[in-house]
Amino acid sequence: MASPDMAKAYDPSLAETKWYPRWEKRGYFAGKIEPGKEPYTIVIPPPNVTGMLTLGHVLNNTLQDILIRFEKMRGKSICWVPGTDHAGIATQAKVEAMLREEEGLTRRDLGREAFLARVWEWKEKYGGTIIRQLRSLGTACDWERERFTLDQRLSEAVEEVFVRLYEKGLIYRGTRLINWCPKTRTALSDEEVYHQTVKGHLWHIRYPFSDGSGHLVVATTRPETMLGDTAVAVNPQDERFQALIGKKLRLPLAGREIPVIADDWVKPEFGTGAVKVTPAHDPNDYEIGQRHGLEMINIFNDDATMNEAAGEDFVGMDRYECRESVVQQLTELGLLVKVDEYTHEVGYSERGHVAVEPRISAQWFVKMKTLAEPAIEAVNSGRIHFHPERWVKTYNHWMENIRDWCISRQLWWGHRIPAYYCQSCEHIEVSRETPTRCSGCGGTELRQDEDVLDTWFSSWLWPFSVFDWPHDNPDLRNFYPTQTLVTGPDIIFFWVARMIMAGLEFRGEIPFSNVYFTSIIRDADGRKMSKSLGNSPDPIDVIAEFGADALRYTVIYLAPVGTDIRYSNDKCELGRNFANKLWNAARFRQIQGEISPDWANLDGLDKSQLRPDDRWILARADAAIRNLTTHLDQFDFHAYALQLYDFVWSEFCDWYVESAKSAFYGESEERKRTTLRIFDHVYGQVLRLMHPVMPFVTEELYHNLGYVGDEGSVMLADWPRPLEAAEQERLGLDPTLVELVAEKFRLVRAGRNLRSAYNIPMAQKIDYFLKPTDAAFQEIIERDPASMQTLLNASKLTIDAAFEPEGSIPSAVEKHGLVYMPLTGLIDIDAELARLDKQRDELLRGLSALDNKLSNDKFVSKAPAEVVQRERQRQRELREKFDQVQALMSDLSRQR
RNA sequence: GGGCGUUUAGCUCAGCUGGCUAGAGCGCAUGCUUCACACGCAUGAGGUCACAGGUUCAAGUCCUGUAACGCCCACCA
């Protein structure tokens with residue numbers, strides 16, 4: 001026996017540091033145009049430049065890596081484009097915070113140009129950490145193609161798109177009520193607002209009529225906005241207020257005179273039936289204001305403090321401070337009728353995490369309706385497939401109710417809007433080049449819009465901007481459209497839907513044909529991973545402790561389709577143990593000597609040389625190849641992980657390797673050679689099947705065992721193919737054989753159970769007797785009694801269909817036979833009877849269910865013939881087994 | 001207010017188009033330093049498949065309703 005030169009346990013860090021640089025250097029990750037090969041492209045969902053690797057990224061990128069490696073092995077020409085997103089608000093805020101802390105400066109202190117220089121500086125120094133971290137996960141990204149959304153070329157794409165849409169009339173500048181974040185002081189899109197349930201109040205306020213003829217009571221959740229009221233609205237059908245419509249009210253605190261108007265929107269049953277109208281600060285009021293031509297009074301500064309329009313009592317106050325002050329003054333004036341507790345939903349800024357302030361302002365918008373139509377069609381026609389499919393509903397709902405997209409942001413970090421205002425006339429120039437002359441009045445003084453574009457305005461172009469669109473080039477034609485997008489369902493509106501629209505609009509083609517939505521990772525208690533909770537483990541630490549493969553495998557194993565994942569670090573033991581199991585199977589193999597020269601195929605193999613167990617493992621491997629391929633094809637990664645585990649650990653290691661030992665340590669050189677060849681063949685398949693999810697350990701082992709030379713790689717190996725029917729025939733892999741071998745293993749288990757019942761350790765060799773009750777089964781075990789002897793660790797195994805024990809000895813019944821453990825004098829008859837009694841009960845339960853079924857005429861006449869047939873067969877088998885158990889029991893009872 | 005998802009062993013989850021004496025991992029119990037692996041091996045215990053109806057020869061699997069938990073969308077002051 002050779003001594004192993006492999007360590008006793010797998011050390012992930014060795015393989016990880018060894019292989020990644022080699023793969024990269026040898027160009028395995030490079031996306032090349034390969035004529036005759038089908039391209040398979042994935043663009044990474046670009047993480048924020050400010051980002052650090054999280055478990056969410058681990059899941060997302062492992063999935064992409066699995067697909068890339070799988071498709072490469074299947075012979076496709078792969079290209080995985082990595083990159084990062086400039087993440088406007090997030091990055092700007094990060095650098096601003098740093099400036100504030102370290103230098104006590106604001107961005108305005110520095111000025112636009114100097115500030116941007118500092119952001120770039122920051123980006124070069126600290127940005128892209130996540131890109132470096134991704135490498136330690138093993139991702140096969142083409143790093144030569146790394147892109148950044150603010151790269152020169154990608155910025156050209158953004159400008160091009162802006163100009164094209166403007167020229168098409170799909171981008172316009174308008175003064176609208178938009179969502180304003182007072183913390184970051186910029187406009188937001190509707191998608192950047194999240195709602196929170198807030199316990200507030202409903203204040204009832206008395207508004208007196210100008211003519212002194214009494215008052216009207218309005219109800220509001222935001223009393224401070226009354227300073228901007230320009231009307232009070234009632235429902236035209238509401239009889240209580242019929243006579244009051246058109247009358248004037250004297251607005252308290254402000255002193256302004258405002259009309260009572262009638263609008264259908266007002267719900268008579270809510271509050272008092274009368275609504276104060278603040279068109280400049282509430283979306284509904286804005287609509288009413290539009291309909292009635294009301295004045296819009298903006299009472300807030302851009303940080304949500306009160307401006308002059310709020311009146312001198314309140315100017316400068318924060319909005320909440322102002323609220324208290326207004327309420328206090330109203331109380332003093334006796335105008336506050338009552339205050340109710342009131343729970344409602346309030347919009348918050350995703351960035352600033354403060355309540356959004358609706359605000360009238362001039363912004364740039366994209367008209368979405370016409371862009372959405374073809375995108376809806378693309379998904380509903382099935383050209384683009386969502387996994388899981390239910391997200392289509394969510395997508396459709398949003399798309400069908402889509403509203404114009406506010407794309408301008410009052411930030412500095414981002415793509416500057418390519419719009420130029422003529423200083424001499426009203427004209428706006430929108431162009432790719434900086435214009436020198438106004439096309440309206442000929443004026444030469446033009447000033448560029450100060451604002452930048454929403455980050456997503458560059459992200460939505462990502463699938464083609466990374467290939468240098470709008471410049472036509474071979475890469476763009478070859479790699480676009482991409483194949484699969486892997487992302488979280490949380491950005492289905494922000495990103496996925498918009499990419500589909502952009503792809504169709506600017507390339508005339510869908511950007512990808514499949515979208516896989518990942519699960520959300522939670523902690524063991526089901527809470528979202530978050531920094532503030534401190535329940536978000538650093539994947540880099542996990543990799544150091546368990547290995548990248550372990551982390552990858554575990555995360556995939558834990559990720560069912562479409563439900564959340566409950567993760568904790570200790571679960572990575574599963575992946576680590578699995579990698580170690582795989583490692584040790586190789587270590588065991590290495591001890592047996594050199595790898596078989598003809599491991600790669602089964603050509604020329606004579607089935608008569610094969611042990612039944614060899615044929616069994618070949619059949620099981622074939623089934624595994626089929627299933628695993630299907631699972632990956634269907635994006636069922638979880639099933640892929642489960643199936644791998646079961647095949648490798650249970651079928652290959654627990655049964656086949658143990659059985660193979662009988663051949664390895666047996667007399668026949670020929671048999672040993674054949675078994676080694678089968679072992680090598682199947683194990684080679686195992687390494688390839690596992691490679692997509694566990695790239696490092698499989699590569700290391702592929703080399704250690706000599707499947708490939710130094711310059712080769714499992715990454716370049718072919719994905720295992722299932723056997724043709726003719727080949728299965730030639731090798732004798734029929735289902736009956738497979739079932740008989742499985743039955744043999746069941747009998748082995750029954751034999752071991754006897755040992756266990758009598759506390760005889762596996763290490764102690766003992767005699768067994770085997771009594772087959774089925775001729776075909778007997779033939780199978782007699783063809784290779786050595787494997788069964790090894791599996792039972794029997795000193796002697798006697799196979800005898802006519803075996804009758806002398807006296808009582810422990811025994812067990814299986815479908816095709818009985819196993820006896822002769823232990824004269826040691827038998828515990830009561831224990832034996834109890835065990836058999838339990839088995840008999842189980843059989844009886846099964847039998848009575850079957851008897852009922854089969855004696856039911858309806859079942860026999862209505863169920864498919866093959867089902868009835870199968871149940872009859874089972875009934876026969878159970879009855880036979882039952883009779884055997886019964887016989888053993890009466891024997892034992894007599895001995896008592 | 002709409003929409004979606006989940007509910008199967010102590011825990012985390014499998015179980016496709018209905019045919020199951022309901023499976024795995026962890027944990028648990030017992031025994032093993034057996035010549036790959038204690039990150040291991042062997043054996044075993046553990047479930048009226050959330051609840052109530054219905055369809056069917058047959059339901060964890062299909063339908064209806066209920067409950068609990070979770071997520072998304074939504075301008076009712």
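From a predicted model like this one, the values you see are computed outputs, not experimental measurements. Per chain, numbering begins at 1; letters A, B, ... match sequence-line order. Because only heavy atoms are used, hydrogens play no part in the values below, and waters and symmetry mates are left out as well, while side chains stay in.
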Notebook entry, point to check: In chain order, what residues pass the ring-ring contact (aromatic ring centres under 6.0 Å, His included) check against A:Phe578, with sequence neighbours excluded?
Noted result: A:Tyr553, A:Tyr645

Note to self: Distance alone, cut at 3.5 Å: any donor-acceptor contact between the side chains of A:Asp5 and A:Gln590?
What the structure shows: yes

Check: Can you check whether A:Lys661 has a side-chain N or O nearer than 4.0 Å to OP1 or OP2 of B:A36?
Finding: yes

Margin query: Going by ring-ring contact (aromatic ring centres under 6.0 Å, His included), name the residues that satisfy it together with A:Phe679, two or more places apart in sequence or in a different chain.
Written below: A:Phe652

Next item on the list: Check the distance between B:A14's C1' and A:Tyr640's OH and give it to me in whole angstrom.
Entry: 18 Å

Margin query: Without decimals, in angstroms, what is the distance between A:Glu350 CD and B:C72 P?
Written below: 10 Å

Item checked: Contiguous pairing runs of three or more, Watson-Crick or G-U under 3.5 Å, that involve RNA chain B -> B:1-7 with B:67-73, B:10-13 with B:23-26, B:28-32 with B:40-44, B:50-54 with B:62-66

Margin query: Taking the minimum atom-to-atom distance to the side chain of A:His397, which one of B:A77, B:C73, B:U12 wins?
Written below: B:C73

Check: Quick one: is B:A36 close enough that its OP1 or OP2 comes under 4.0 Å of any side-chain N or O from A:Tyr665?
Finding: yes

Next item on the list: Could you check which of B:C32, B:U12, B:A36 has an atom nearest any side-chain atom of A:Arg566?
Entry: B:U12

Check: Whole Å only: how far is the OH atom of A:Tyr194 from the C1' atom of B:C73?
Finding: 16 Å

Item checked: Output field: ring centroids A:His344/A:Tyr342 closer than 6.0 Å -> yes

Notebook entry, point to check: From the list B:C76, B:U12, B:U21, which nucleotide is the closest neighbour of the side chain of A:Lys267?
Noted result: B:C76

Margin query: For RNA chain B, which residues of residues 857-864 of chain A approach it to below 4.0 angstrom with any heavy atom?
Written below: A:Lys858, A:Phe859, A:Lys862, A:Ala863, A:Pro864

Notebook entry, point to check: B:A77 and B:A67: how far apart are their C1' atoms, nearest whole angstrom?
Noted result: 34 Å

Item checked: Whole-Å distance separating the CG atom of A:Leu850 from the P atom of B:A58 -> 16 Å

Check: Using a cut-off of 4.0 Å between protein heavy atoms and nucleotide atoms, how would you tag nucleotides 39-45 of chain B 5' to 3' with B, S and -?
Finding: BSSSSSS

Check: How is A:Tyr567 classified with respect to the nucleic acid when contacts are heavy atoms under 4.0 Å: base, sugar-phosphate, or nothing?
Finding: nothing

Next item on the list: Identify which nucleotide among B:A36, B:C32, B:U30 has an atom closest to any side-chain atom of A:Ile591, counting heavy atoms from C-beta outward.
Entry: B:A36

Margin query: What is the separation between atom CD on A:Gln592 and atom C1' on B:C35, rounded to the nearest whole Å?
Written below: 10 Å

Next item on the list: Classify the nucleic acid contact of A:Arg835 as base, sugar-phosphate or nothing, counting any heavy atom under 4.0 Å across all strands shown.
Entry: nothing

Check: Taking the side chain of A:Ala585 as its heavy atoms from C-beta onward, which of B:U21, B:A36, B:A74 lies nearest to it?
Finding: B:A36

Notebook entry, point to check: Between A:Asn793 (CG) and B:C35 (C1'), how many Å, whole number?
Noted result: 12 Å

Notebook entry, point to check: Contact class for A:Phe546 (heavy atom, under 4.0 Å): base, sugar-phosphate, or nothing?
Noted result: nothing

Notebook entry, point to check: Quantified in whole Å, what is the P atom distance between nucleotide B:C28 and nucleotide B:C39?
Noted result: 14 Å

Margin query: The side chain of A:Tyr557 is closest to which nucleotide in this list: B:G70, B:G31, B:G25?
Written below: B:G25

Notebook entry, point to check: What is the nucleic acid contact for A:Trp265, judged by heavy atoms within less than 4.0 Å: base, sugar-phosphate only, or nothing?
Noted result: base

Item checked: Heavy-atom neighbours of A:Glu594 CD exceed 12 at 6.0 Å -> no

Notebook entry, point to check: Within the modelled atom types, does a donor on one side and an acceptor on the other bring the side chain of A:Glu345 and the base of B:A74 under 3.5 Å apart?
Noted result: yes

Notebook entry, point to check: So which of residues 217-230 of chain A are in contact with RNA chain B, with a heavy-atom cut-off of under 4.0 Å?
Noted result: A:Ala219, A:Thr220, A:Thr221

Check: So what does A:Leu878 touch, heavy atoms closer than 4.0 Å: a base, only the sugar-phosphate, or nothing?
Finding: base

Check: Any chance the side chains of A:Trp495 and A:Glu191 put a donor and an acceptor closer than 3.5 Å?
Finding: no

Checklist line | For atom CZ of A:Arg589 and atom P of B:C37, their distance in whole Å | finding: 16 Å

Check: Just checking, A:Lys661 and A:Phe588: is the charged tip under 6.0 Å from the six-membered ring centre and within 45° of the axis?
Finding: yes

Notebook entry, point to check: Counting side-chain heavy atoms from C-beta on, which of B:A77, B:C13, B:G70 comes nearest to A:Asp564?
Noted result: B:G70

Item checked: Between A:Phe386 and A:Trp391, ring centroids under 6.0 Å -> no

Next item on the list: Find the distance between CG (A:Asn179) and OG (A:Ser349) and round it off to the nearest 0.5 Å.
Entry: 9.0 Å

Checklist line | Polar contact flag, side-chain donor to acceptor under 3.5 angstrom, A:Glu545-A:Asn569 | finding: no

